[in-house]
Amino acid sequence: MMNRRQFFRTAAGAAIFARIPSVLAATPAKYDLIIKGGRVINSARKLNAVSDVAIANGRIAAVEPNISGDAAETIDARGKLVVPGLIDIHTHAGRVKDGPALILADGVTGFIDAGSQGADRIGEVIAVVKSAPQLGRVLLNIGRAGILPEGDTMDLSRADVNAAREAIARNREIIAGVKARLSRDVAGTNDFEVLRRTQEVASSFHLPVMIHMGQTMSPIPKLFALLKPGDIVTHMFAPPPNSIIDDAGHILPEVMAARRRGVRFDLGNGRTGHLRWDMAERILKAGFLPDTFSTDWTPEGRTSQVIDFPNVMSKFLMLGMSLDQVVACATSNASRAFEVFRGRGTLNVGAPADVAVLELRDGNFEFEDNFGNKRAGNMRLFPISTVLAGKRAANHA
Ligand SMILES: [Zn+2]
């Protein structure tokens with residue numbers, strides 16, 4: 001190796017230093033990437049306007065109309081929507097090796113694998129999530145054998161507090177919470193005790209719990225009494241028995257109280273038993289809007305009901321939510337659900353440059369709930385391209 005002085009003496013060194021003034025004289029590329037002319041929706045700033053987004057060093061550098069200056073790369077977003085990278089807080093992307101890359105192409109720059117595995121095989125999910133191109137975290141299923149066809153915790157001994165604690169202690173940096181699936185075909189009559197044990201595990205690490213509600217044996221008031229601020233209820237639109245709304249169209253008081261003390265309510269689209277159009281309509285009509293959308297993504301969901309995150313968002317445009325509300329549920333609101341996403345879900349200057357370019361197309365689109373009911377909508381969001389940490393990461397054909 002040459003030291004600095006030796007380098008100066010060589011011809012190569014002289015040539016490089018001689019060229020510096022001319023390099024400085026040329027206008028250097030000011031930005032790494034400019035996304036030009038799209039409709040920018042930044043819920044964190046209540047911005048919804050045609051604007052350019054400039055990116056430098058992996059961060060948002062400017063959001064202004066007609067940004068001038070050079071960029072190494074430009075994305076023409078005219079006629080498109082430019083929104084923060086989507087954050088999907090309930091997926092099973094960790095179940096398959098290419099799961100994270102597949103959802104990245106859908107615009108998802110941050111995700112949670114929500115309980116695909118329990119203590120016995122959590123290492124498999126963690127390996128996938130750790131090698132993901134985007135930011136991902138894992139919820140540990142309280143059932144130590146993970147998701148089972150016969151029910152994760154139908155055998156109560158599978159809700160093993162010590163095994164779960166050890167799994168979290170071993171993987172503290174990647175496990176962001178604990179998942180309890182409480183439906184009668186998953187936990188049977190054990191639902192309350194399973195949730196109690198889940199909180200016992202989570203509280204020793206100050207982690208949130210996500211419950212999978214819907215068709216539980218125990219009534220909502222009994223289960224929700226165990227939820228603490230920051231916990232998440234997924235499958236909030238699940239039909240009876242034990243939904244969050246009564247027959248007269250009133251949200252249960254215990255549900256309202258849970259929201260007031262900081263419990264979050266999440267869609268969890270999925271494919272079986274969670275989303276039914278009439279329930280979603282009644283709950284939205286009662287003024288109880290979701291905090292977050294999530295897909296409950298699985299490889300199988302790519303071809304039925306779920307398809308992709310923008311498709312899931314589109315269902316709520318059909319149900320009457322505004323575009324701003326829909327984008328907030330998938331970005332700024334979602335970023336608040338887990339500590340790891342703080343500072344994301346926004347296009348504020350200085351934020352990590354994770355961006356989803358979407359297209360809102362007019363037309364006739366069919367949407368299906370989890371019960372085979374089909375509805376027609378006249379708008380559908382499509383993923384176009386994804387920018388991750390300032391670089392174009394994926395393009396849809
Ligand atoms: Zn799920």
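Residue numbers count from 1 along this sequence. What you see is a predicted model, and the numbers here were worked out from it, not measured in a lab. Each ligand, and each atom within it, is numbered from 1 in the order the structure gives. In what follows, every heavy atom counts, from backbone to side chain, and hydrogens, waters and symmetry copies are set aside.
- Grouped with I147 in a hydrophobic cluster is no other residue, since no side-chain heavy-atom contact under 4.5 Å to another Ile, Leu, Val, Met, Phe, Trp or Tyr is found.
- Looking only at side-chain heavy atoms (C-beta outward), N348 and I60 stay at 4.5 Å or farther from each other.
- At a threshold of 4.5 Å between non-hydrogen side-chain atoms, the residues T153 and E193 do not count as touching.
- Of all protein N, O or S atoms, those under 2.8 Å from the Zn ion (ligand 1) number 3.
- Every salt bridge (charged side-chain N to carboxylate O under 4.0 Å, His left out) that K36 has, sequence neighbours left out, goes to D52.
- Within 6.0 Å of CZ in R184 there are more than 12 heavy atoms belonging to other residues, nucleotides or ligands.
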Output a table of donor-acceptor pairs, distance under 3.5 Å, between side-chain atoms of residues 133-142 and any protein atom two or more places apart or on a different chain; print 'none' if there are none.
residue, atom, partner, partner atom, Å
Q134, NE2, P100, O, 3.0
Q134, NE2, V108, O, 3.0
R137, NE, E173, O, 3.3
N141, OD1, G143, N, 2.8
N141, ND2, G115, O, 3.1
N141, ND2, D152, OD2, 3.0

